[in-house]
J.: 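Below: one structure in structure tokens.
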Amino acid sequence: MAFFIHTIMKRTKIKELIATEPSGQEVTVKGWVRTFRNNSFIAINDGSTINNIQAVVNFENTDEATLKRITPGACLRVTGSLIASQGKGQKVEIAVKEMEIYGDAESDVTKPNVYPLQPKAHSLEFLREIAHLRFRTNTFGAVFRIRHNLAFAVHQFFHERGFVYMHTPIITASDAEGAGEMFRVTTLDINNPPKTETGEIDFKQDFFGKSTNLTVSGQLEGELAAMAFGDVYTFGPTFRAENSNTTRHLAEFWMIEPEMAFYDLNDNMDLAEELLQYVIKYALEHNREDIEFLSQRLFDEEKQKPQTERSEMTLLEKLQFCIDNKFERVTYTQAIDILRESNHNKKKKFQYLVNEWGTDLQSEHERYLVEKHFKKPVILTDYPKEIKSFYMRQNEDGKTVRAMDILFPGIGEIVGGSQREERLELLETRMKELHLPIEEMYWYLDTRRFGACPHAGFGLGFERLVLFVTGMTNIRDVIAFPRTPKSAEF
RNA sequence: UCCUUCUUAGCUCAGCUGGUUAGAGCACAUGACUGUUAAUCAUGGGGUCCCUGGUUCGAGCCCAGGAGAGGGAGCCA
């Protein structure tokens, strides 16, 4: 009748229990064993908090076979009285009266199917290979609780301001978004695709009757909705088939893309800055212990490094600094001047020296501006039009566009956005220059034909935000099951 | 895709100038102990030194090719 016991025993989450005054009341906890010390003390975690609860079994009254089954990773229920702990390190503990093991976890390394997590530090690389189990570690528990609260805070931020959450399509026939290589979506037989008379693949016979891909951005669709609701945002998966092998890129990632009618570039920057500070503050308030843990973890890790390579601030200080200070706003042209005049450039310490106006900034330049020169988040605006997308609003100088990138320390570009070009003629001219299919994009251009208005928007890479808030350094460690070139396990 | 570093026990790592039987900590097994905090103590088992080929009397170490991983760059969020 194990299932019967299971259903009537209502559990209390550990987060709630450790905040409860102990008075010997009977409680039930269900969770996974982290360690079992001294044949008596079980550290149980149920994911509700980074903290474990200590359950104390009387080994003299418990049969040895049962004790043997209390191993790291095993899932169990304990029922007993909540009492003040005699030991140091925790306020309350459970004096176990009854215990039920739901699932064993083999701990003998000589046997097959051994549970790979041990009560010790594992490398992030190793944990990445067992991504299906890494949630059960302190680090990944903290990361994914923070990720959840950041996502929730994003929705709350926009909801409080009257934005409409749009679900833009994941499958798209548009290939003109200009945001990189796309993943093809097809039901055609790849070994024997139907051909046209001229020998090309006949997509008329494909599922949608045309060539389709996974979306690389919801922006264009977002703009359409903004022309009715005023303020909208998307928050969904995005796919890029770039062969990028870095700590900042994923083939499948989540992006937040607000789009606002009647916003100019300044309004756009204000909103982006406000959003970032809002969600960071939310995480600091709701994930305090998780962030403290990660902050300490990072601090300990950096002790191994030489003094010069260590961070000036702890993670906690860095996040606090970020919400207490305005971001620095400079134009591309000003940034080029700063870089050109920097000692770093004069001493030729950049791999790519900064000379002429018009070239794109390299990672090392962005890092210099953020980490050395301003020492705070930086918003760069008004880039040369040649290095930015077709839809960005052209400035009166004929050379630059109303673009903005927000650069964060350690991350680089976390936000990319712009005021959009709402003037039909200028937009069409730019699209012709770039050989974009104007006819196919009639639906996008219709917003400029019918009731066009100044508007703006940006894209925020969600995983890059999670990277920053958790202090993790590899983007593959802030998404549950990362998709990168040559890797789609789990 | 380019550059670069790495791959040794289940995990984290050491391994000298190429030289006998490849080591440590943790984990595991057995025993002891029993208010521990990644418990402690004792004993023990555990290796395709990533793979293939080569140089050499002799290769974990040198050379070539391959595979996988990390970091950096490019592209970008």
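Because the structure is a prediction, the values reported are computed rather than measured. Just so it is clear: chains get the letters A, B, ... in the order the sequence lines come, proteins before strands, and each one is counted from 1.
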J.: Under 4.0 Å, counting only non-hydrogen atoms across every strand here, what does Phe126(A) touch: a base, just sugar-phosphate, or nothing?
T.: sugar-phosphate
J.: With the threshold set at 4.0 Å, does a side-chain nitrogen-carboxylate oxygen contact exist between Asp477(A) and Arg134(A)?
T.: yes
J.: Using atom P of each nucleotide, how far apart are C49(B) and G10(B) to the nearest Å?
T.: 12 Å
J.: Among side-chain atoms of Tyr391(A) and Glu223(A), is any donor-acceptor pair under 3.5 angstrom?
T.: no
J.: At 4.0 Å (heavy atoms only), tell me whether Ala43(A) reaches a base, stays on the sugar-phosphate, or touches nothing.
T.: nothing
J.: Hey, are Arg367(A) and Glu364(A) close enough for a salt bridge, meaning a charged N less than 4.0 Å from a carboxylate O?
T.: no
J.: When the nearest nucleotide of RNA chain B is assigned to Gln362(A) and to Ser85(A) on a heavy-atom basis, which residue is associated with the more 5' position?
T.: Ser85(A)
J.: Report which part of the nucleic acid Lys88(A) touches: base, sugar-phosphate, or nothing (heavy-atom distance under 4.0 Å, all strands).
T.: base
J.: Watson-Crick or G-U wobble partner for U7(B), using a 3.5 Å limit on both distances?
T.: A67(B)
J.: Quick one: is Thr247(A) getting a side-chain N or O under 4.0 Å of the G72(B) phosphate, OP1 or OP2?
T.: yes
J.: What interatomic distance, in whole Å, is found between P of A69(B) and the corresponding atom of U56(B)?
T.: 35 Å
J.: Salt-bridge test for Glu413(A) and Arg464(A): reply yes if a basic N is under 4.0 Å from a carboxylate O, no otherwise.
T.: no
J.: Quote, to the nearest angstrom, the C1' distance that separates A14(B) from A22(B).
T.: 11 Å
J.: Determine which nucleotide pairs with G23(B), using a 3.5 Å limit on both distances of a Watson-Crick or G-U wobble pair.
T.: C13(B)
J.: Can you tell which of C11(B), C28(B), G10(B) lies closest to the side chain of Gln118(A)?
T.: G10(B)
J.: Quick one: which of A77(B), G45(B), U36(B) gets closest to the side chain of Arg37(A)?
T.: U36(B)
J.: Have a look at Arg367(A) and say if it touches a base, only the backbone sugar-phosphate, or nothing, with a 4.0 Å heavy-atom cut-off.
T.: nothing
J.: For G70(B), does OP1 or OP2 lie under 4.0 Å from any side-chain N or O of Arg128(A)?
T.: yes
J.: Please give, in whole Å, the distance from G70(B) C1' to Asn474(A) CG?
T.: 9 Å
J.: Give a yes/no answer on whether the side chain of Asn39(A) brings an N or O atom under 4.0 Å of OP1 or OP2 in U34(B).
T.: no
J.: Asn245(A) has an atom CG; how far is it from atom C1' of C76(B), in whole Å?
T.: 14 Å
J.: For U7(B) versus C50(B), give the span between their P atoms, rounded off to a whole number of Å.
T.: 8 Å
J.: Using a cut-off of 4.0 Å on non-hydrogen atoms, how would the nucleic acid contact of Arg248(A) be classed: base, sugar-phosphate, or nothing?
T.: base
J.: Checking contacts here: which listed nucleotide (A29(B), G70(B), A77(B)) is nearest the side-chain heavy atoms of Arg464(A)?
T.: A77(B)
J.: In this structure, how many angstroms lie between the C1' atom of C76(B) and the CD1 atom of Ile475(A), rounded?
T.: 10 Å
J.: Output the rounded distance in Å from CE (Met182(A)) to C1' (A77(B)).
T.: 15 Å
J.: Compare side-chain N and O positions of Thr246(A) against OP1 and OP2 of A73(B) and report whether any pair is under 4.0 Å apart.
T.: no
J.: Any strand counts, and the cut-off is 3.5 Å on both contacts for Watson-Crick or G-U wobble. Which nucleotide pairs with A73(B)?
T.: U1(B)
J.: Nearest to the side chain of Glu125(A), heavy atoms from C-beta on, is which of C28(B), G35(B), A69(B)?
T.: A69(B)
J.: Just compare U30(B), U12(B), U36(B) and give me whichever is closest to any side-chain atom of Gln90(A).
T.: U36(B)
J.: May I ask you to say what Lys388(A) touches in the nucleic acid, namely base, sugar-phosphate or nothing, with a heavy-atom cut-off under 4.0 Å?
T.: nothing
J.: Scan every strand shown for a Watson-Crick or G-U wobble partner of A29(B), both distances under 3.5 Å, and answer none if you come up empty.
T.: U43(B)
J.: Within the structure shown, what part of the strands sits under 4.0 Å from Glu93(A) by heavy-atom distance: base, sugar-phosphate, or nothing?
T.: base
J.: Answer yes or no: does a side-chain N or O of Lys111(A) lie under 4.0 Å from OP1 or OP2 of A27(B)?
T.: no
J.: Can you tell me if Thr110(A) touches the phosphate of G10(B), counting only side-chain N or O atoms and a distance under 4.0 Å to OP1 or OP2?
T.: no
J.: Under 5.5 Å between ring centres and under 30° between planes: does that hold for Phe253(A) against the base of A77(B)?
T.: yes
J.: Measuring only the C1' atom in each nucleotide, how far is G47(B) from C2(B)? A whole number of Å is fine.
T.: 36 Å
J.: Show your working on side chain to side chain donor-acceptor pair (under 3.5 Å) between Glu257(A) and Ser217(A) and close with a plain yes or no.
T.: CA-CA 8 Å; Glu257(A) 294 179 288; Ser217(A) 165; 2.9 Å; yes
J.: So what does Leu250(A) touch, heavy atoms closer than 4.0 Å: a base, only the sugar-phosphate, or nothing?
T.: base
J.: Rounding to the closest angstrom, what is the interatomic distance between G15(B) and G65(B) at atom C1'?
T.: 26 Å
J.: Look at the side chain of Asn243(A) and decide which nucleotide, out of U12(B), U1(B), A77(B), has an atom nearest to it.
T.: U1(B)
J.: Less than 4.0 Å between a side-chain N and a carboxylate O, is that true for Glu301(A) and Arg297(A)?
T.: yes
J.: Give a yes/no on whether any side-chain N or O of Ser244(A) is located under 4.0 angstrom from OP1 or OP2 of C75(B).
T.: no
J.: Between U30(B), A39(B), C75(B), spot the one nearest the side chain of His249(A), thanks.
T.: C75(B)
J.: Pick the nucleotide of RNA chain B nearest each of Ser123(A) and Pro119(A); which residue has the one closer to the 5' end?
T.: Ser123(A)
J.: Using 0.5 Å steps for rounding, measure from the CD1 atom of Ile53(A) to the CG atom of Asp46(A).
T.: 9.0 Å
J.: Taking atom types as modelled, find out whether Arg77(A) and Thr79(A) have a side-chain donor-acceptor pair closer than 3.5 angstrom.
T.: yes
J.: Base, sugar-phosphate, or nothing: which does Phe59(A) touch, judged by heavy atoms less than 4.0 Å apart?
T.: base
J.: On a heavy-atom basis, which atom in Arg248(A) and which in Ile475(A) lie closest, and how many Å separate them?
T.: O-CD1, 3.5 Å
J.: Among A38(B), G70(B), U34(B), find the nucleotide with the atom closest to the side chain of Thr35(A).
T.: A38(B)
J.: Please tell me which of the listed nucleotides, A29(B), U12(B), C33(B), lies nearest to the side chain of Lys120(A)?
T.: U12(B)
J.: Donor-acceptor pair under 3.5 Å: do we get one between Gln86(A)'s side chain and the base of G35(B)?
T.: yes
J.: Using a cut-off of 4.0 Å on non-hydrogen atoms, how would the nucleic acid contact of Glu60(A) be classed: base, sugar-phosphate, or nothing?
T.: nothing
J.: Quick one: label Gly87(A) by what it contacts on the DNA or RNA (base, sugar-phosphate, nothing), any heavy atom closer than 4.0 Å.
T.: base
J.: Rounded to whole Å, please give me the gap between CZ in Phe462(A) and P in C76(B).
T.: 23 Å
